[in-house]
Amino acid sequence: MDELKSPPSRPPSTVTVRRNPPRRARPTPSQAPIPISLPPTPSKTIPSFPIDDILSIEIPENNIVKNIENENLKVFLRIRPQSISQPQGKKGGVAKNVWPQSKQIAKSKVKKVSEVCLKENDEHSVTLCPPQSMQDQKRSKTEVYEGFSYVFSADSSQDDVFDKMVNPIVEDFMKGKSGMLAALGPSGSGKTHTIFGTGRQPGMIPLALRKIFLGTDGNGAQSPRTLYLSMFEICSERGRTERMIDLFNDGVDICLQQSIIKGLHESVVCDVQQAEALIAEGMLKRATAMTNSNNQSSRSQCIINVRCETCGDFDASSNSALLTIVDLAGAEREKKTGNQGHRLLESNFINNTSMVFGLCLRSLLEHQKNRKKPLQKHFKNSLLTRYLRDYLEGKKRMALILTVKSGEEDYLDASFLLRQASPFMKIKFTNSEESTEMIGNKRHFQPFLKADQQKKMKMSTIESSVVNEKSVDVVNSTPHEKECENEVTVKKVNEVYDNINASKRNRLSQIMQGFARAAWQVLKQYKEKLKVAEKEIIYLKQSLEDERARSDRLAKELARLKSSFLCEDIVSTDKIITKEVGCRGNYLDGSAELDHQSMDSHEVVGGTSENLSESEVTVNNRSTDFSVINSCVVGTSGVGEEIFKGHCRQKHVESPVASEGVEISEGKEDSSHKGIVLFEDTACSIPDNLGRDDISSSVERRQSKNDTEKDAGTSSGNISEPEFTVNSQSIDSSAVGSCVVINSVTQEISEGTCCQRIQSPGVAEDLENFESKDDSDQNDNVLLQDSANSIQPIVSISDDSSSLVEGHQSQNDMEKKVFNQTAISNEVPEVAVEVVPCSKLPNAEKPKRRLQPASSMLLKNISGLDIEEENEKPKGARGSKRNTGVDLTRKTQGSLSLIRLLKNNI
Ligand SMILES: Nc1ncnc2c1ncn2[C@@H]1O[C@H](COP(=O)(O)OP(=O)(O)OP(=O)(O)O)[C@@H](O)[C@H]1O
């Protein structure tokens, strides 16, 4: 009750139930690009695939197939004589019109007899000319049709036609090849005459039978065989349905089931007379009628089959062959034939069959031209084309003979026929004979198989072997013929299996040949691909070798550039330092300009004893305009203990010094602003790890010492004390700044010889106090003497020119500075330094461009020094410098001053 009282529940909302849940499309599998990795080149060469050996094997070509494939449909043309154009009555006169005819038609026929519209050009072409009455029409024009297999003129005989057209087919037939001959043409053009002929002019069938029964197969050999003859027609029943009538069996209807005619009576023919009699009997049964075009016009399509079976040899090539000859009913024009009623219906059927026949061939032609176009199944539209399907689809060889009349009134018929049928000559037989043979065998063996089966079931005697009611005409045969037929039937039954087995074997062999041929073609294609691939591989190998050679060249070039860059870097560094010092001097001198008119030479002869070396530096400056010598370059071998450890030869050291820049020039005395420092040491031992700073520090240390002392002599017995002497001949010169700083030593060792370059830009100890004046002569001689050794490298700087130097701390006279050197080496180096005062460079911009790297280099060097730490060092600790090592030797007053100067100016 509560439920009743309660408000009715809402109907459940509509719920959509998915039977199949929505499916999501599967993500497309990402196909990451497969990295192409070339397989490593195997060290061993892989043996090549023996494709040449395989391809060298010759496969036997099927000549039959090859011939058929290359064969086109043969189209012949026969022109009927015009003199018999008029239908003749039975009495030999002009036949009366079978149908009531108007007077105009009768008059026109009489007029057009004499005119000819078709002319034979040659054996293969004709010219169709429209009659004068039709020349005004658009489609009426003279046309030339060529390409016929042969054109039979009006006066050609039946034998000519047979020899050129039928005889090859018959010969092939006797060799076991099937074939077909069909006659096409308008009504009354001579098709029936050509196929059957007359008593005096036998047609193709009688001639063929004669040829066949003559017993030769073309080679003169006669083989045992059995000939079967059948004849039937396809006609229309009141124009509605088609009928197949067996002409050998009293007009019994037969039917066509899948290309097999059931009930068709095949007559075994033993001689040509029997065969001709059968043919004649069948012709009498054929439906004919009198029309305005032909007094005995065929009203049906007549087919004659001659089948040959080789007795005792049932191999596939010759066991059965079929020769088919078709006499088509001629296309009819209603106006021309004047058919009415039933005849008109027959005309429609005849024209329809002819049209279907032409459509089948046209479709085959288009299909062969363009394989994309399907082969239309027009054959289904008529019994005739269904029966002749194999021929119309190009599976069997056939030939066409076109019969035309050349009269003026036949122009339209001839034009229609030639336009429709002349393209058929391009049709090719593409299929193999094997398939056609198999089809033929299948069709003709099937009744035998059926008969054999029935025979097995009945287990009857020889009489019962006559089970194929279609094969033998018992009714009309004679007793002798019956015996012959019975024997033949028994043979068939006994050998049918062998025949089938042979066919199977043949089919298998054909299949294998086809497979081998296809494989051979594939191998050919792969061979071509392999050739292309091998060419590509060779090309890639060549390119790889080229790339390798190129990379080698680039590596060599890179190494060369690196080496040259290092050399230039060293040289440029020295240049920059020297130039910087020179500039500094100019800066201090203010208007100092160095115009060296003559080359100044500074020779430094440095020598060291075993443990002691002294260098006397003499600076001679002959420049008249040399106002300030703010720097002198002294090449010295005064290096510390650690310098001379090895045994090397210091060949040539040049230290160009210029007022604004320093450049190096070897072995050349230049009038430009260059000072050449020649440093020669015949027996100098320099360690490989000689550092630039070591030398400079040691020299600076000594220079700082000379600020207060001239004579050092504080070194021990192994310590050399180079004496630095500056001689200045100038009277007015108030100050001569000279110092010797070796700040860089570059050594190059090659083959046991050490070539050491020393660029030692002269830096004054207190350059800030220098002032140069123009027109001051200055002669500075810096002599470094080694008192402890007999070999004293002397560096002399002489300046013959007058110079004015002011504000120099040191004396104007010769100043000697003694450098203490500690030499460990036992050999005394000979140092000869030539300092050539350089004149001002003609191009002042060039060194300026080089200031940038020099500044950077100096900043880099300066930043590396701890100035504050040096300042904190007490000056009184000099005595302990020697004991503290190289680090302490750097921290001299001279170096501090130099660093300050450089840093402030940069
Ligand atoms: N080449 C020829 N030489 C002599 N007479 C010929 C020739 N061709 C045809 N004739 C004669 O022309 C007449 C008509 O020929 P035929 O009956 O062969 O024509 P058709 O093409 O078969 O006509 P339809 O299609 O109506 O049967 C016949 O009397 C035939 O003897």
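Atoms within each ligand, like the ligands themselves, are counted from 1 in listed order.
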What residues, two or more places apart in sequence or in another chain, satisfy side chain to side chain contact (heavy atoms under 4.5 Å, CB included) together with Arg243? Cys235, Glu237, Ile245, Asp253
N/O separation below 3.5 Å, Ser189 to ligand 1: yes
When you check the side-chain N and O atoms of Glu233 and Ser300, is any donor under 3.5 Å from an acceptor? yes
Atoms of ligand 1 close to Gly190 [distance to a heavy atom under 4.0 angstrom, numbered from 1]: 8 (N), 9 (C), 15 (O), 16 (P), 18 (O), 19 (O), 20 (P), 21 (O)
Would you say Ala329 and ligand 1 have an N/O pair spaced under 3.5 Å apart? no
So if I count the atoms of ligand 1 from 1 in the order they appear, which ones are less than 4.0 Å from some heavy atom of Ser298? 24 (P), 26 (O), 27 (O)
Judged by modelled atom types alone, do Arg389 and Thr385 share a side-chain donor-acceptor pair under 3.5 Å? no
All N/O donor-acceptor pairs, side-chain side in residues 193-204, below 3.5 Å, sequence neighbours left out:
{"residue": "His193", "atom": "NE2", "partner": "Gln201", "partner atom": "OE1", "Å": "3.1"}
{"residue": "Thr194", "atom": "OG1", "partner": "Arg78", "partner atom": "NH1", "Å": "3.0"}
{"residue": "Thr194", "atom": "OG1", "partner": "Gly190", "partner atom": "O", "Å": "2.7"}
{"residue": "Thr198", "atom": "OG1", "partner": "Gln201", "partner atom": "N", "Å": "3.1"}

Check: Lys191 N/O within less than 3.5 Å of ligand 1 N/O: yes
Compute the minimum heavy-atom distance from Pro186 to ligand 1 and say whether it is under 4.0 Å. yes
Quick test of your reading of the model: are Arg80 and Asp410 salt-bridged, counting only N-O distances below 4.0 Å? no
Side chains of Ser354 and Asn351 only: does a donor on one sit below 3.5 Å from an acceptor on the other? no
Can Pro81 be said to touch ligand 1, with heavy atoms closer than 4.0 Å? yes
Would you sort out whether Leu278 and Val269 count as a side chain to side chain contact (heavy atoms under 4.5 Å, CB included), showing the intermediate values? CA-CA 9 Å; Leu278 290 173; Val269 290; 3.4 Å; yes
Using a 3.5 Å cut-off on N or O atoms only, is Asp327 in polar contact with ligand 1? no
Give a yes/no verdict on whether any heavy atom in Arg78 is under 4.0 Å from an atom of ligand 1. yes
Quick check: His193 and ligand 1, any N/O pair under 3.5 Å apart? yes
